[in-house]
Colleague: 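Have a look at this one.
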Amino acid sequence: DQQVKQNSPSLSVQEGRISILNCDYTNSMFDYFLWYKKYPAEGPTFLISISSIKDKNEDGRFTVFLNKSAKHLSLHIVPSQPGDSAVYFCAASEDSGAGSYQLTFGKGTKLSVIP
Amino acid sequence: DTGVSQDPRHKITKRGQNVTFRCDPISEHNRLYWYRQTLGQGPEFLTYFQNEAQLEKSRLLSDRFSAERPKGSFSTLEIQRTEQGDSAMYLCASSPRRTKAFFGQGTRLTVV
């Protein structure tokens, strides 16, 4: 049973426009959420995160929105650039008591920014 | 470069052989994780170390898998009697706290 779901396997956006990547989760114990970007043959690179006590976090062109009641978060990239083309993973963690705060990932969304 | 380093980047092995991967985390990070990623999936948690103590293991980590982090520095992940289903990207990550994990470039294992 997938606890973190990214229902769009791919997304194409024109350069300069907004990219919106969506993520849903089922585990109500998740209290910290992250977005990672991954290029082929490389490890994931951290982009931005948000704690469950907030509903928005912004860092430059990247903004993450969290809707706890809907168990939904989204990543907005404005403006989109060709270098943003990559696979984006949504991840979540909880305080399980074991102390690991392991990340649970979605399957990813492949973003293609068209020049 | 002071990022997370993994070695080797690629490993091809015959079924039934043993393989060992190494991870050098960012030096001041006491948290170290191993994840596995297969095609079309996100990374899946395997195990967690805080300093030298292995504190959590996933059910994905069968008894053919063993991980160590001697002296709380580098870590090794060994797979014994490899199977074709072990073919995947093995990712190591480290972090100073829970807020974010820094990943290495991964070791791609192919079992033939």
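All heavy atoms count here, side chains included; hydrogens, waters and symmetry mates do not. All chains are named by letter (A, B, ...) in the order of the sequence lines, taking the proteins before the strands, and each is independently numbered beginning at 1.
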Colleague: Please report the interatomic distance CD1(I26(B)) to CZ(R31(B)), rounded to the nearest 0.5 Å.
Modeller: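 The distance works out to 14.0 Å.
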Colleague: Answer yes if M89(B) and I79(B) sit in the same cluster of Ile, Leu, Val, Met, Phe, Trp and Tyr residues linked by side chain heavy atoms under 4.5 Å apart, and no otherwise.
Modeller: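 No, M89(B) does not connect to I79(B) through the hydrophobic network.
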Colleague: If I measure from the heavy atoms of chain A, does E44(B) come under 4.5 Å with its side chain, its backbone, both, or neither?
Modeller: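 Neither part; nothing is under 4.5 Å.
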Colleague: Go through the atoms of F103(B) and report whether side chain, backbone, both or neither lie under 4.5 Å from a heavy atom of chain A.
Modeller: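 For F103(B), the contact with chain A is made by backbone and side chain together.
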Colleague: How about Q81(A): does its CD atom have over 12 heavy atoms from other parts shown lying under 6.0 Å from it?
Modeller: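 Yes.
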Colleague: For the CZ atom on R15(B), are there more than 12 heavy atoms of other groups (residues, nucleotides or ligands in this structure) within a distance under 6.0 Å?
Modeller: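 Open: at most 12 neighbouring heavy atoms sit under 6.0 Å from CZ of R15(B).
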Colleague: Check whether R108(B) gets within reach of chain A through its side chain, its backbone, both or neither, counting any heavy atom under 4.5 Å.
Modeller: neither
Colleague: By a 4.5 Å heavy-atom criterion (distance strictly below it), what part of Y32(A) contacts chain B: side chain, backbone, both, or neither?
Modeller: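 Contact with chain B: backbone and side chain both.
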Colleague: Need one label for K38(A): side chain, backbone, both or neither, based on atoms under 4.5 Å from any heavy atom in chain B.
Modeller: side chain
Colleague: Under 4.5 Å from any heavy atom of chain A, what part of A93(B) do you find: side chain, backbone, both or neither?
Modeller: neither
Colleague: Regarding T26(A) and D24(A), is there a side-chain donor-to-acceptor distance under 3.5 Å anywhere?
Modeller: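 Checked: T26(A)/D24(A) side chains show no N/O donor-acceptor pair below 3.5 Å.
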Colleague: With L75(A) as reference, evaluate I20(A), T109(A), T63(A), I48(A) under the side-chain contact (heavy atoms from CB on, under 4.5 Å) test and give the passing residue.
Modeller: I48(A)
Colleague: Heavy atoms only, distances under 4.5 angstrom: which of P44(A), P9(A), G106(A) has the most pairs with chain B? Name it, please.
Modeller: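 Option with the greatest count: P44(A).
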Colleague: Non-hydrogen atoms of chain A under 4.5 Å away: do they reach the side chain of Y35(B), the backbone, both or neither?
Modeller: side chain
Colleague: Most heavy-atom pairs under 4.5 angstrom with chain B, which of V87(A), L103(A), V4(A)?
Modeller: L103(A)
Colleague: Which bit of E56(B) comes within less than 4.5 Å of chain A, counting heavy atoms only: side chain, backbone, both or neither?
Modeller: side chain
Colleague: Among G43(A), G108(A), S100(A), which residue forms the greatest number of heavy-atom pairs with chain B at distances under 4.5 Å?
Modeller: S100(A)
Colleague: Heavy atoms only: give me the nearest T38(B)-S87(B) pair and the separation to one decimal.
Modeller: CG2-O, 4.1 Å
Colleague: Look at atom CZ of R64(B) and say whether more than 12 heavy atoms of other residues, nucleotides or ligands are closer to it than 6.0 Å.
Modeller: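 Counting other residues, nucleotides and ligands, CZ of R64(B) exceeds 12 neighbours.
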Colleague: Chain A: which of P43(B), G40(B), G42(B) shares the most heavy-atom pairs with it under 4.5 Å?
Modeller: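 Top count of heavy-atom pairs under 4.5 Å with chain A: P43(B).
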